[in-house]
Amino acid sequence: MNNEKAENKKSFESLKNLIYALKVVSSASPLAIPMMTLTQTAYWFFANFIQQILFLRVLLGLIERKSSFKEYMIMVFVFVVAGVIAKALEMFSDYYITLCNRKIYHSLNKKIFRQAGRVDIECFENPEFYDIYTRATEIVTNKRYVDFCFYVARFVSSTITGVFLIFYIVTIDPKLLFIISMLILVFFVLGYKNKLEIKKDKEMTLNRREKSYVQRTVFLRDFSKDMRTSDIFSVMYRKMKRAVENNREIIRKYGLRVAILDFVVSSFSESFPIAATYLYTCYRFVVKRNLPLSDFSVVMTAVGNLNSVINECISCASQMQKISLFFGYLKEFFDFQPVVTGSEKEADEFESIEFRNVSFRYPAAEKYSLENVSLKICKEDRVAIVGHNGAGKTTFVKLLLRFYDPTDGEILYNGKNILEYDINSIRRRLATVFQNYKVYALSVEENVLCHEIENDADEYLSKTSLKKSGVYDKISRLPMKGKTVITREFDDKGTGLSGGEQQKIAAARMFARDYNLAILDEPSSALDPIAEYKMYESIIAETENKSVIFISHRLSSAVLSDKIFVFGNGTIIESGTHEELMQKGGAYAEMFNMQASNYSEEVNAT
């Protein structure tokens with residue numbers, strides 16, 4: 001009973017996915033499926049019914065009646081005109097379908113990008129969500145929406161053609177309907193086979209992702225040095241080999257059943273109906289002699305064509321069901337609602353940010369990453385958040401940017417709970433340079449401004465921002481200067497930059513923004529101590545009348561800060577100025593003294 005309910009539920013889900021797929025495609029381009037159906041109908045109906053059945057039937061009838069040559073000419077002319085019309089419809093529809101497919105592609109891409117930007121950061125750290133996201137994006141990346149439209153159109157056009165063929169065959173001999181009914185069995189067999197294929201694909205998803213990860217990683221520049229100077233390639237290769245072997249096992253698991261079902265489908269859709277039709281019509285034509293030659297000749301062709309049409313209908317229905325499953329994943333992806341939400345209140349100019357008894361634990365984690373943290377940062381403060389790796393510094397930034405919300409306690413922006421504000425309005429007040437900075441295969445200017453260059457003012461802003469971050473001298477020496485594309489992946493005239501230079505470009509984004517509070521999360525991890533200190537001096541000079549939060553386990557930023565908060569095991573273990581903490585001789589002083597050889601020159605200079 002439970003199995004039956006589960007099967008009914010699956011069938012209902014398949015129907016829901018199919019309806020949803022039709023809605024998605026139709027909302028993006030209402031005429032895509034109708035125009036594709038017109039194309040397929042023009043082809044299938046003309047080729048399988050008019051040309052091969054109706055034309056043949058009329059031609060044999062004319063021969064039997066010993067008609068005149070004029071009647072032959074008229075008949076040929078009519079069929080040529082019908083063929084020209086069918087071809088014209090097909091060509092017009094093909095052109096229009098290309099335009100429709102582009103509309104669908106852009107519409108789906110836009111919705112997927114928008115949703116990917118809406119969902120919480122936590123989702124991308126959740127393997128279950130990432131599986132759904134990966135399958136959902138296949139709608140666009142593998143153009144499954146095109147396949148779906150094609151199979152729907154092919155199904156409808158084949159059905160229309162099939163109805164006409166059945167009607168025509170039944171008018172010749174109603175008993176032939178019994179033979180045709182054998183094909184109904186194929187629907188049920190293919191339905192079961194399709195369920196097996198879907199289960200197989202689902203089990204193979206994780207292995208495909210692992211294989212894709214290895215294939216992708218091997219070709220990325222970031223990993224090329226490690227690949228050539230260590231044995232990591234062999235480890236990665238074995239990982240891919242295991243994924244391939246696992247998928248082979250899954251294929252073997254379902255292979256025999258699928259092969260048997262294919263044999264049953266082939267037998268009941270081709271061999272048995274054709275053989276039965278031949279025997280029955282030959283019996284009537286040869287033994288009973290009650291079947292005209294024209295009907296005998298045409299019915300064999302008609303049954304053969306009907307067999308092809310029904311197989312096409314079944315195959316299309318099967319493919320529609322499989323592809324609609326990906327639309328089901330798309331729906332799941334779109335149905336994900338962000339947990340971190342805000343109100344409509346716009347954030348005013350920054351005055352203060354306060355953590356009040358804030359604790360936070362990541363989903364599924366047993367230990368708190370932050371516990372009972374309280375601190376306040378006011379306008380024009382320069383604050384350093386320091387501590388060893390794993391102390392909770394990055395979690396502090398994630399909460400500040402509202403990637404997550406506190407498990408306990410509250411964060412106040414200008415004295416009001418941060419939950420009362422629109423999330424994006426809060427983020428617009430902040431400029432952030434992340435530890436794991438990213439540069440893109442775009443021009444230097446586009447990397448800095450994060451939008452295309454529209455006028456001279458944009459070029460000037462990019463130039464001044466690069467100067468402030470300390471990388472303009474390098475960029476100015478490039479042949480195309482700020483127009484140079486970073487990496488040569490898409491442009492032979494592109495350039496490769498060192499890690500420190502890329503980090504400075506990421507920092508230049510901050511100077512190109514209108515912000516109130518700058519958050520620098522390990523912004524100098526790729527720089528040597530001297531370059532790091534110079535970058536911080538530049539930041540201090542360029543952020544006058546701004547508030548700055550330095551997040552670092554290296555302490556050159558702390559020396560330049562008004563106040564320092566020392567994190568340890570998710571709590572604030574010390575706070576004060578550099579001088580106060582050095583005099584205290586606690587954790588900060590110990591950390592600073594350990595790094596003293598790197599920073600002695602900078603400390604003396606200050």
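Sequence positions, counted from 1, serve as the residue numbers for this chain.
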>> How about NZ on Lys398, more than 12 heavy atoms from neighbouring residues, nucleotides or ligands closer than 6.0 Å, or not?
In response: yes
> Does any non-hydrogen side-chain atom of Lys481 lie less than 4.5 Å from one of Lys463?
Replying inline: no
> How about Leu442 and Val485: do any of their side-chain heavy atoms sit closer than 4.5 Å?
Replying inline: no
>> Quick check: closest heavy atoms across Ser27 and Val24, and the distance to 0.1 Å?
In response: OG-O, 2.8 Å
> Which heavy-atom pair separates Thr37 from Ser157 by the least distance, and what is that distance?
Replying inline: O-CB, 4.2 Å
> For Phe326, does the CZ atom have more than 12 heavy-atom neighbours from other residues, nucleotides or ligands under 6.0 Å away?
Replying inline: yes
>> Walk me through whether Leu330 and Thr137 qualify under side chain to side chain contact (heavy atoms under 4.5 Å, CB included).
In response: CA-CA 7 Å; Leu330 185 70; Thr137 54; over 6 Å; no
> Below 4.0 angstrom, N of the basic side chain to O of the carboxylate: do Arg252 and Glu249 qualify?
Replying inline: yes
> Which of these, Tyr20, Phe148, Tyr145, Phe334, sits in a ring pair (Phe, Tyr, Trp, His ring centres under 6.0 Å) with Phe327?
Replying inline: Phe148
> In Å, rounded to the nearest 0.5 Å, how long is the span from SG of Cys316 to CZ of Phe155?
Replying inline: 8.0 Å
> Would you say Tyr515 and Phe350 make side-chain contact, with heavy atoms under 4.5 Å?
Replying inline: no
> Can you tell me how far the CG atom of Asn447 sits from the CG atom of Leu466, to the nearest 0.5 Å?
Replying inline: 10.0 Å
> Which heavy atom in Ala518 sits nearest to a heavy atom in Met510, and how many Å separate them?
Replying inline: CB-SD, 3.5 Å
> Would the number of heavy atoms belonging to other residues, nucleotides or ligands and lying under 6.0 Å from OH of Tyr105 be above 12?
Replying inline: no
>> A side-chain contact here means heavy atoms from C-beta on lying under 4.5 Å apart; do Arg429 and Leu517 qualify?
In response: no
> Under 3.5 Å, is there a donor-acceptor pair linking the side chains of Glu344 and Tyr421?
Replying inline: no
> Does CZ in Arg102 sit with more than 12 non-hydrogen atoms of other residues, nucleotides or ligands closer than 6.0 Å?
Replying inline: no
> Met320 versus Arg154: any side-chain heavy-atom pair under 4.5 Å?
Replying inline: no
> Between Tyr362 and Tyr404, is the gap from one ring center to the other below 6.0 Å?
Replying inline: yes
> Looking only at heavy atoms, which two atoms of Asn17 and Ser324 are closest? And how far apart?
Replying inline: CB-O, 3.2 Å
> How would you list, by chain and number, every residue that makes a salt bridge (charged side-chain N to carboxylate O under 4.0 Å, His left out) with Glu332, sequence neighbours excluded?
Replying inline: none
>> So does Ala507 get a backbone contact from the side chain of Ser469, meaning a donor-acceptor N/O pair under 3.5 Å?
In response: no
> Backbone N or O of Phe336 within a donor-acceptor pair of the Gln115 side chain at under 3.5 Å?
Replying inline: yes
> Say you draw a straight line from OG of Ser465 to CZ of Arg509; how long is it, rounded to the nearest 0.5 Å?
Replying inline: 11.5 Å
>> Does Lys211 form a side chain to side chain contact (heavy atoms under 4.5 Å, CB included) with Val244? I'd like the steps, not just the answer.
In response: CA-CA 7 Å; Lys211 176 186 170 187; Val244 172; 4.1 Å; yes
> Atom CD of Gln502 and atom CD1 of Ile505: how far apart are they, to the nearest 0.5 Å?
Replying inline: 7.0 Å
> With side chains defined as the heavy atoms from C-beta onward, is the minimum distance between Ser29 and Asn101 less than 4.5 Å?
Replying inline: no
>> For Phe333 and Tyr133, take the angle between the two ring planes, folded into 0 to 90°, and tell me which bin it lands in: parallel under 30, tilted 30 to 60, perpendicular over 60.
In response: tilted
> What pairs with Asp456 under salt bridge (charged side-chain N to carboxylate O under 4.0 Å, His left out), at least two apart in sequence or on another chain?
Replying inline: none
> Taking side chain as C-beta onward, heavy atoms only, is Val156 less than 4.5 Å from Thr159?
Replying inline: no
>> As a test of understanding, state which of Lys241, Arg242, Arg248 forms a side chain to side chain donor-acceptor pair (under 3.5 Å) with Glu245.
In response: Arg248
> Is there a side chain to side chain contact (heavy atoms under 4.5 Å, CB included) between Ile33 and Leu22 once you walk through the steps?
Replying inline: CA-CA 9 Å; Ile33 292 177; Leu22 289 169; 3.8 Å; yes
> Just how far is it from atom CE of Met35 to atom CG of Leu99, taken to the nearest 0.5 Å?
Replying inline: 10.0 Å
> Of all heavy-atom pairs between Ser443 and Gly482, which one has the smallest distance, and what is that distance?
Replying inline: CB-O, 3.8 Å
> Can you tell me how far CG of Asn109 sits from CD1 of Ile139, rounded to the nearest 0.5 angstrom?
Replying inline: 12.0 Å
> Donor-acceptor pair, Ser425 side chain versus Ala347 backbone, under 3.5 Å?
Replying inline: yes
>> If I compare all heavy atoms of Glu445 with all of Ile453, which pair ends up nearest, and what's the gap?
In response: OE1-CG1, 3.3 Å
>> If we check salt bridge (Lys or Arg N to Asp or Glu O under 4.0 Å) with Lys483, which of these qualifies: Glu446, Glu459, Glu452?
In response: Glu459
>> Enumerate the salt bridge (charged side-chain N to carboxylate O under 4.0 Å, His left out) contacts for residues 137-149, please, sequence neighbours excluded, ordered by first and then second residue.
In response: Glu138-Arg144
>> I want to check something: taking the side chain as every heavy atom from C-beta on, are Leu419 and Ile411 in contact at a cut-off of under 4.5 Å?
In response: no
>> Under the criterion side chain to side chain contact (heavy atoms under 4.5 Å, CB included), I'd like the reasoning laid out for Ile250 against Asn247: C-alpha separation, chi angles, the key distance, then a yes or no.
In response: CA-CA 5 Å; Ile250 293 168; Asn247 274 349; 3.8 Å; yes
